[in-house]
Protein chains: 2
Amino acid sequence: MTYQRKIPILECGHEYVREILYGRWKITLIYYIANGVSRPGELQRKIPQAGRRVLDVQLNQLVKHEIISKTVYDEAVARVEYRLTAFGSSLLPVVMTIIEWGNQNIKELKRVTR
Amino acid sequence: MTYQRKIPILECGHEYVREILYGRWKITLIYYIANGVSRPGELQRKIPQAGRRVLDVQLNQLVKHEIISKTVYDEAVARVEYRLTAFGSSLLPVVMTIIEWGNQNIKELKRVTR
DNA sequence: ACAAGTACGGATAAATTTATCCGTACCTTT
DNA sequence: AAAGGTACGGATAAATTTATCCGTACTTGT
């Protein structure tokens with residue numbers, strides 16, 4: 001995290017959306033967390049294509065950007081839960097719009113991205 | 001364009017949305033084109049922060065993905081126009097959702113991305 | 001004691017995207 | 001004829017994101 005961005009974010013709303021949402025697994029993570037998959041291990045099992053490390057990194061970014069919150073329960077066996085924040089919930093319509101348009105148009109999308 | 005993607009696109013709709021929409025200037029380009037800014041030179045003047053070359057590359061990708069169409073008018077002085085395709089128009093609600101949420105939350109977004 | 005579960009993160013390589021620099025061609029205005 | 005407009009694209013460097021490899025610590029069940 002000792003990385004300082006060099007290409008600036010512009011003063012448009014959607015530039016910031018890029019910044020917080022354009023990670024490889026972020027939409028997937030937000031979707032699962034919104035649907036009650038709250039623990040890191042669970043999320044990793046739900047998204048087997050992603051490396052464990054990458055999910056960690058992207059979860060940390062989502063926490064930093066206050067889209068999700070992280071609660072560490074100090075129990076015998078370590079337990080962590082991620083939840084959407086109010087801010088994250090307000091983003092959910094955006095995420096769902098992307099997911100739904102993608103699913104509705106998947107046939108066309110497969111064709112044009114070949 | 002002799003580049004072959006190595007990280008595969010998954011079978012989810014939103015993965016394809018990433019593929020076609022996650023370029024630095026794509027939302028901006030789609031927005032302007034939807035609002036009648038149709039010529040490459042015009043678009044470059046509207047988006048002075050972007051290099052000319054990058055816009056070209058991203059416009060070509062949008063054409064390849066059939067989000068916009070390109071018409072070359074064979075006139076004395078070269079004239080080119082980009083227009084949204086029907087497919088591109090169907091994407092517009094997604095783009096607008098992103099832009100609007102971003103603008104509505106820009107204060108918060110600036111804070112969390114610091 | 002050892003295997004497997006919970007969880008986290010440093011360091012680096014590979015892939016991908018974005019920026020920069022260069023050059024082309026043709027037409028119009030000065 | 002030179003300057004400036006239209007437009008396009010190759011080659012490469014820089015920035016950024018994603019993947020891979022490694023190691024930590026603690027707990028439970030065998």
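Values below: all heavy atoms of this structure, side chains included; hydrogens, waters and symmetry mates excluded. Just so we're on the same page: letters track the sequence lines, and every chain starts at 1.
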*Which value, rounded to the nearest 0.5 Å, describes the distance between Asn60(B) atom CG and His65(B) atom NE2?*
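The NE2 atom of His65(B) is 11.0 Å from CG of Asn60(B), to the nearest 0.5 Å.
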
*How many angstroms lie between atom CZ of Arg18(B) and atom CD1 of Ile98(A), to the nearest 0.5 angstrom?*
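With rounding to 0.5 Å, CZ (Arg18(B)) is 10.5 Å from CD1 (Ile98(A)).
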
[X] [atom1] - [N] [atom2] separation (whole Å):
X        : N       : atom1 : atom2 : answer
Lys6(A)  : dA19(C) : NZ    : C1'   : 13 Å
Ile27(B) : dT17(C) : CD1   : C1'   : 15 Å
Arg79(A) : dT6(C)  : CZ    : P     : 13 Å
Gln58(B) : dG9(D)  : CD    : P     : 15 Å
Tyr22(A) : dT18(D) : OH    : P     : 12 Å
Asp56(A) : dT20(D) : CG    : P     : 15 Å
Leu10(B) : dT18(D) : CG    : C1'   : 13 Å
Arg39(B) : dA7(D)  : CZ    : C1'   : 10 Å

*Could you go step by step and tell me if Tyr31(B) and Leu29(B) meet the side-chain contact (heavy atoms from CB on, under 4.5 Å) rule?*
CA-CA 5 Å; Tyr31(B) 178 81; Leu29(B) 284 170; over 6 Å; no

*asked:* Under the criterion side-chain contact (heavy atoms from CB on, under 4.5 Å), I'd like the reasoning laid out for Tyr16(A) against Glu11(A): C-alpha separation, chi angles, the key distance, then a yes or no.
replied: CA-CA 8 Å; Tyr16(A) 291 99; Glu11(A) 281 293 310; 3.7 Å; yes

*Check whether any side-chain nitrogen or oxygen of Arg18(B) sits under 4.0 Å from OP1 or OP2 of dT18(D), and answer yes or no.*
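Result: yes.
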
_Short side-chain N/O contact from Lys70(A) to OP1 or OP2 of dA7(C), under 4.0 Å_ =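 False: Lys70(A) side-chain N/O out of range (4.0 Å or more) of dA7(C) OP1/OP2.
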
*Any link between Ile47(A) and Val57(A) through a network of hydrophobic side chains (Ile, Leu, Val, Met, Phe, Trp, Tyr) touching at under 4.5 Å?*
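No, separate clusters.
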
*Arg83(B)/Glu81(B) salt bridge by N-O under 4.0 Å criterion*: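 A salt bridge links Glu81(B) with Arg83(B).
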
*Sidechain N-carboxylate O distance under 4.0 Å for Glu108(A), Arg111(A)*: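 Salt bridge: yes.
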
*Begin from the C-alpha positions of Asn105(A) and Leu91(B) and carry the test side-chain contact (heavy atoms from CB on, under 4.5 Å) through to its verdict.*
CA-CA 10 Å; Asn105(A) 294 278; Leu91(B) 179 59; over 6 Å; no

*Give the intermediate values and the outcome of side-chain contact (heavy atoms from CB on, under 4.5 Å) for residues Gln44(A) and Asp56(A).*
CA-CA 9 Å; Gln44(A) 283 153 29; Asp56(A) 274 1; 3.8 Å; yes

*With axes from five pairs an end, tell me the bend angle of the helix from dA1(C)-dT30(D) to dT30(C)-dA1(D), nearest 10°.*
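Taking the rotation axis at each end, their angle is 10°.
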
*Among Leu84(B), Ile67(B), Thr85(B), whose side-chain contact (heavy atoms from CB on, under 4.5 Å) with Leu62(B) holds?*
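Exactly one candidate clears the test, Ile67(B).
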
Side chain of [X] only, please: which of [options] is the nearest?
X        : options                   : answer
Val80(A) : dC8(C), dT18(C), dG9(C)   : dC8(C)
Ala78(B) : dA7(D), dT16(D), dG9(D)   : dA7(D)
Pro40(A) : dC8(D), dT27(D), dC8(C)   : dC8(C)
Trp25(B) : dT17(D), dA19(C), dA15(C) : dA19(C)
Tyr82(B) : dA19(C), dT28(D), dC8(D)  : dC8(D)

*Strictly below 4.0 Å, heavy-atom distances to any atom of DNA chain D: list the hits from residues 44-55 of chain A, or just say none.*
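Here the set is Arg52(A), Arg53(A), Val54(A).
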
_Of Arg24(A) and Ala76(A), the one whose closest DNA chain D nucleotide lies more 5'_ =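 The 5'-side residue here is Arg24(A).
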
